[in-house]
Student: 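Please read through the structure below; I'll follow up with questions.
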Amino acid sequence: MIQPLTLKAGVTTVAELEVLDFISNNSNKNPNKYILVDSRTNEWFDFGTIPSAVNIPYDELEYDEDFEKEYQRAYKLLGVKILDKNKYDFSKAKTAVFFCNGAWCAQSPRAIKHLIKIGYPKEKIIWYRGGIASWVGVSLTLTKNIEAK
């Protein structure tokens, strides 16, 4: 399903130049405050992603007792402390750029909508709507997870 240009009031939508700027001036220089998030499933991430992106699949942001380790990892990477089921401390939440496959993909919008619903600060969420399709479409490089089987 084609996604809208903007998701929610307070969430900025960006394109390739802003993502490149974010990588070089924010996430690479201060990873404790900034993160580039590939919201796609592990298989898609392993196939190829934007350089320096961290994989936090959209479905790992919702609690599932069978995937508790992945759930905890996701929030730790985002700088969010889990206080209790459905209770979080966002005081050290990172500013994050989320992306997925492209304008038709709902994985990063799902992640963003869930995070906003649980209280993640909207001003710390940035959406790269074009995702992998737009990134590759302007001849930018992808990296592969060399540890993938």
Student: Could you give the distance from OG1 (T41) to CG (N101), rounded to the nearest 0.5 Å?
Tutor: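 These two atoms lie 8.0 Å from each other.
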Student: Rounded at 0.5 Å granularity, tell me how far CD1 in I125 sits from CG in L115.
Tutor: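 Between atom CD1 of I125 and atom CG of L115 there are 5.5 Å.
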Student: Should the heavy atoms of other residues, nucleotides or ligands under 6.0 Å from CZ of F67 be counted, would the total exceed 12?
Tutor: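 For F67, atom CZ is not crowded (no more than 12 foreign heavy atoms under 6.0 Å).
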Student: Taking the six-membered ring of F47 as reference, does the NZ or CZ atom of K144 fall below 6.0 Å from its centre and within a 45° cone about the axis?
Tutor: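 The answer is yes; both the distance and angle limits are met.
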Student: Between F90 and L77, is there shared hydrophobic-cluster membership here, with clusters defined by ILVMFWY side-chain heavy atoms closer than 4.5 Å?
Tutor: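 Looking at the clustering, L77 is in the same group as F90.
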Student: Treating N55 as the side-chain partner and D38 as the backbone partner, does any N or O pair qualify as donor plus acceptor under 3.5 Å?
Tutor: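 It does hold such a pair.
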Student: Check whether any side-chain heavy atom of Y120 sits under 4.5 Å from a side-chain heavy atom of V80, and report yes or no.
Tutor: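 Yes; the side chains approach each other to less than 4.5 Å.
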Student: For K69, does its backbone N or O pair with a side-chain atom of Q72 as donor and acceptor, under 3.5 Å?
Tutor: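 No; zero donor-acceptor contacts below 3.5 Å.
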Student: Nearest 0.5 Å, what's the CG-NZ distance between N26 and K33?
Tutor: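 Output value for this atom pair is 10.5 Å.
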Student: Drop me the distance from E62's CD to R110's CZ, to the nearest 0.5 angstrom.
Tutor: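 Going from the CD atom of E62 to the CZ atom of R110 covers 8.5 Å.
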Student: Check for a donor-acceptor pair, side chain of Q3 on one end and backbone N or O of M1 on the other, with a separation under 3.5 Å.
Tutor: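 Yes, the answer is positive, given that a donor and an acceptor are paired below the 3.5 Å cut-off.
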Student: Going hydrophobic residue to hydrophobic residue with side-chain gaps under 4.5 angstrom, can you get from W44 over to F99?
Tutor: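 No, it is not one cluster - the side chains of W44 and F99 are not joined through contacts under 4.5 Å.
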Student: Would you mind reporting whether V14 and D21 have side-chain heavy atoms less than 4.5 Å apart?
Tutor: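 A side-chain contact under 4.5 Å is absent here.
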Student: Side-chain contact test, heavy atoms from C-beta onward, threshold under 4.5 Å: evaluate it for N42 versus E60 and give yes or no.
Tutor: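 Of all side-chain heavy-atom pairs linking E60 with N42, at least one is under 4.5 Å.
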Student: Please check if L20 and W127 belong to a single hydrophobic cluster, counting links between Ile, Leu, Val, Met, Phe, Trp and Tyr side chain heavy atoms closer than 4.5 Å.
Tutor: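 No, no single cluster joins them.
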Student: Treating T49 as the side-chain partner and F45 as the backbone partner, does any N or O pair qualify as donor plus acceptor under 3.5 Å?
Tutor: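 No, T49 side chain to F45 backbone: no donor-acceptor pair under 3.5 Å.
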Student: Could you tell me if the ring centre of Y128 sits under 6.0 Å from that of F98?
Tutor: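 No, ring centres 6.0 Å or more apart.
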Student: Measure the shortest side-chain to side-chain distance between N86 and I118 over non-hydrogen atoms and say whether it is less than 4.5 angstrom.
Tutor: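 Answer no - side chains too far apart.
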Student: Hydrophobic cluster membership, with links at side-chain heavy-atom distances under 4.5 Å among I/L/V/M/F/W/Y: are V138 and V19 in one?
Tutor: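 Looking at the clustering, V19 is in the same group as V138.
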Student: With a 4.5 Å cut-off on side-chain heavy atoms, are T13 and V11 touching?
Tutor: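 SC-SC contact between V11 and T13 ruled out.
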Student: Taking only residues two or more places apart in sequence, or in another chain, which ones meet Y34 in a ring-ring contact (aromatic ring centres under 6.0 Å, His included)?
Tutor: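 Y34 satisfies ring-ring contact (aromatic ring centres under 6.0 Å, His included) with F22 only.
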Student: Using 0.5 Å steps for rounding, measure from the NZ atom of K92 to the NZ atom of K81.
Tutor: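 Answer rounded to 0.5 Å: 8.5 Å.
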Student: Run the side chain to side chain contact (heavy atoms under 4.5 Å, CB included) check on V97 and I35 step by step: do they pass?
Tutor: CA-CA 7 Å; V97 172; I35 188 169; over 6 Å; no
Student: Is I116 reachable from I126 through a run of hydrophobic residues whose side-chain heavy atoms are each under 4.5 Å from the next?
Tutor: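 No, separate clusters.
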Student: Quick one: which of C105, P57, S108 gives a side-chain contact (heavy atoms from CB on, under 4.5 Å) with S39?
Tutor: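 So the option named by the test is S108.
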Student: Side chains of Y71 and L61: closer than 4.5 Å at any heavy-atom pair?
Tutor: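 SC-SC contact between Y71 and L61 ruled out.
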Student: Kindly compute the distance separating CZ (R129) from CH2 (W104), expressed to the nearest 0.5 Å.
Tutor: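 It is 10.5 Å, given to the nearest 0.5 Å.
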Student: Taking the side chain as every heavy atom from C-beta outward, state whether V54 and L36 have any atom pair closer than 4.5 Å.
Tutor: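 V54 vs L36: side chains apart.
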